[in-house]
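Remarks on the structure that follows.
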Amino acid sequence: MKIKALRALHLDKPKHKPATPPSRSSWWEEAEVANPLSGFPRFKPHRKLWLPPFEETWVEVKLEDGTTGLGMTHHGRATAALIDDYFAPRLLGEDGLAVEHLNDMLRRLSVPFGSTGLASYAVSALDLALWDARGKASGKPVYELLGGTPDRAPLLCYATGNDLDWYQALGFRAFKLACPYGPADGLTGLRQNEAFVARARATIGDECDLMLDCWMAFDVEYAVALAERLRPYRLTWIEECLIPEDFDAHVALRERLPWQTLATGEHWTTTFPFQWAASHHVVDILQPDLAWCGGLTACWQIEALAQAAGLRVILHGGGNNVFGQHFSYAARTAHLTEFFVGTHPGVPLEQAGHLPGQALPKNGYLRPIDAPGFGLEIPAKWFTPFR
């Protein structure tokens, strides 16, 4: 079934105000988190001081029989331009159901200007839209197209963030903290990080998983020093300690911390870094973001790599969007899925203004909706062509 039209879209979701007032502001509004720019005083206090202010980029694909599909990525005008000006004209007339074939073509189309980075983001949105259309054309949810079955137990979710008491009230029993301090904070920061993790362990008890997200903020020496201090608190894993492209540092960290479960990958794009990580045994858990790394097709290839290497795949933000929910429900290596709690303490999850068709965790477990494709039911009037 040939592709008839394809375009980048801007999503203008109506503003939503929760009916329940918060009991307090959430940690993510003002709390400092260790990050790659923590060594620069101007940007150190909060990531919002330097992160790119780009919007989401949505894609709609239309097949010749009228079937449509939606995909999404980030970085706004930059990725929208790649989609509308370069990729879309080359996809018109192609078989829209041959998704794996088209993903390979898109990656190869990117080679002249680099298939990683923003190009990979754009390819991801296109790939997700094609999978959505493929599911709708077949009348099946995407997780079934991947070999998943509707009788699988709901996915266990872990809550990401530092409002642990609120996540416990929501029913979560696994938690990932955002690490506050890094090398720029010296020994004082090390002590404060240890106290922070110790308080968290005391709050959740000994029977819950506890992880630490370091968000590209460390070097090898700091990561080793912190891991040794945190050993008594039994972290399930330490995540993304290093600059993603510093492969030698990943090898060194694995050698220095053979006892600690390590996870990374959300900022790797294309499948090649994951292939390298698996073959060099530098991490235990691969964490692609399927809106960044090349879409569902690339993530499914990473899933195959993980199965062959005895690793696990736990998507970045996998529970926060329908795309990740379907992948995680089908993937055999995914025993957990991440859910970033974006509501202020006291505001129920269902009042957060999520997209129509998106499932939400209940008591820490999640199951995707069974509608064809990814199940999104976004009104067409919410979309406009990308400016």
Side-chain angles (χ1 to χ4, degrees), residues 11 13-29 56 58 70-72 74 128 131-132 135 141-144 146 148-176 178 204 208-209 211 213 266 287 289-291 296 299 314-331 334-379 382:
L11 176 63
K13 187 172 71 171
K15 292 183 178 180
H16 174 83
K17 184 177 181 180
T20 304
S23 58
R24 67 175 189 267
S25 294
S26 181
W27 70 278
W28 43 259
E29 285 208 325
E56 290 180 345
W58 285 78
L70 288 172
M72 183 273 294
H74 297 89
L128 293 172
W131 273 102
D132 190 36
V142 168
Y143 75 78
E144 285 195 19
L146 296 172
T149 61
D151 58 356
R152 180 178 179 178
L155 289 160
L156 176 64
C157 299
Y158 69 86
T160 290
N162 296 347
D163 292 319
L164 295 184
D165 59 334
W166 172 229
Y167 311 151
Q168 288 179 301
L170 291 171
F172 289 96
R173 294 297 177 266
F175 310 90
K176 187 172 75 182
I204 66 174
C208 295
D209 282 324
M211 293 76 80
D213 188 351
E266 74 178 76
Q287 298 177 303
D289 187 308
L290 48 67
L296 181 61
C299 272
I314 302 177
L315 293 182
H316 171 241
N320 284 97
N321 58 71
V322 295
F323 313 110
Q325 291 174 3
H326 279 256
F327 171 91
S328 300
Y329 196 63
H335 71 297
L336 281 172
T337 192
E338 179 179 21
F339 190 85
F340 180 87
V341 180
T343 58
H344 293 284
V347 179
L349 294 181
E350 58 269 20
Q351 294 184 24
H354 295 286
L355 292 174
Q358 178 179 345
L360 294 173
K362 294 182 179 178
N363 294 317
Y365 288 86
L366 184 147
R367 188 183 182 283
I369 293 172
D370 287 325
F374 288 113
L376 284 171
E377 299 174 354
I378 303 174
W382 290 10

Sidechain-backbone polar pair: R367 side chain, P150 backbone, donor-acceptor under 3.5 Å: yes
Under 3.5 Å: donor-acceptor pair, side chain of D132, backbone of F374: yes
pair P21-H344: side-chain heavy atoms closer than 4.5 Å: no
Aromatic plane relationship, H326 with Y143 - under 30° parallel, 30 to 60° tilted, over 60° perpendicular: tilted
Polar side-chain atom of E56 near backbone of L11 as donor-acceptor pair, under 3.5 Å: no
Nearest-0.5 Å distance that lies between atom SG in C157 and atom CD in Q325: 8.0 Å
Donor-acceptor contact present, side-chain D289 to main-chain E266, <3.5 Å: no
Exercise: identify the closest heavy-atom pair between Y329 and T149: CE2-O, 3.4 Å
Test item: E338 side-chain N/O and I314 main-chain N/O as donor-acceptor pair under 3.5 Å: no
Check against side chain to side chain contact (heavy atoms under 4.5 Å, CB included), F323 and L296: CA-CA 8 Å; F323 313 110; L296 181 61; over 6 Å; no
Pairwise side-chain contact, P22 with P345, heavy-atom cut-off 4.5 Å (strictly under): no
Pairwise distance CG(L156) to OH(Y365) - rounded to 0.5 angstrom: 5.0 Å
Whether over 12 other heavy atoms sit under 6.0 Å from K362 NZ: no
Geometric class of the F340/W28 ring pair [parallel <30°, tilted 30-60°, perpendicular >60°]: tilted
Under 3.5 Å donor-acceptor, T343 side chain and L349 backbone: no
Where L315 and C299 come nearest, the two heavy atoms and their spacing: CD2-SG, 3.8 Å
Atom of F172, atom of G364 and distance for their closest heavy-atom approach: CD2-CA, 3.9 Å
From Q351 atom CD to K17 atom NZ, the distance as rounded to the nearest 0.5 Å: 12.0 Å
Residue pair I369 / G357: nearest heavy atoms and the distance that separates them: CD1-O, 3.0 Å
Atom pair CG (L360) and CG (L366), whose distance is rounded to the nearest 0.5 Å: 7.5 Å
Minimum heavy-atom distance N162-A178, with the two atoms named: OD1-N, 2.9 Å
Residue of the set N321, V322, I378 for which side chain to side chain contact (heavy atoms under 4.5 Å, CB included) holds with L355: I378
Flag, side chain of T337 to backbone of G319, donor-acceptor distance under 3.5 Å: yes
Side chain to side chain contact (heavy atoms under 4.5 Å, CB included) evaluation trace for D209 with F175: CA-CA 6 Å; D209 282 324; F175 310 90; over 6 Å; no
Point-to-point distance, once rounded to the nearest 0.5 Å, from CZ of R24 to CH2 of W166: 9.5 Å
Non-hydrogen atoms of V341 and A159 that approach each other most closely: CG2-CB, 4.0 Å
pair P361-L170: side-chain heavy atoms closer than 4.5 Å: no
Separation between CZ of F327 and CH2 of W131, rounded to the nearest 0.5 Å: 11.0 Å
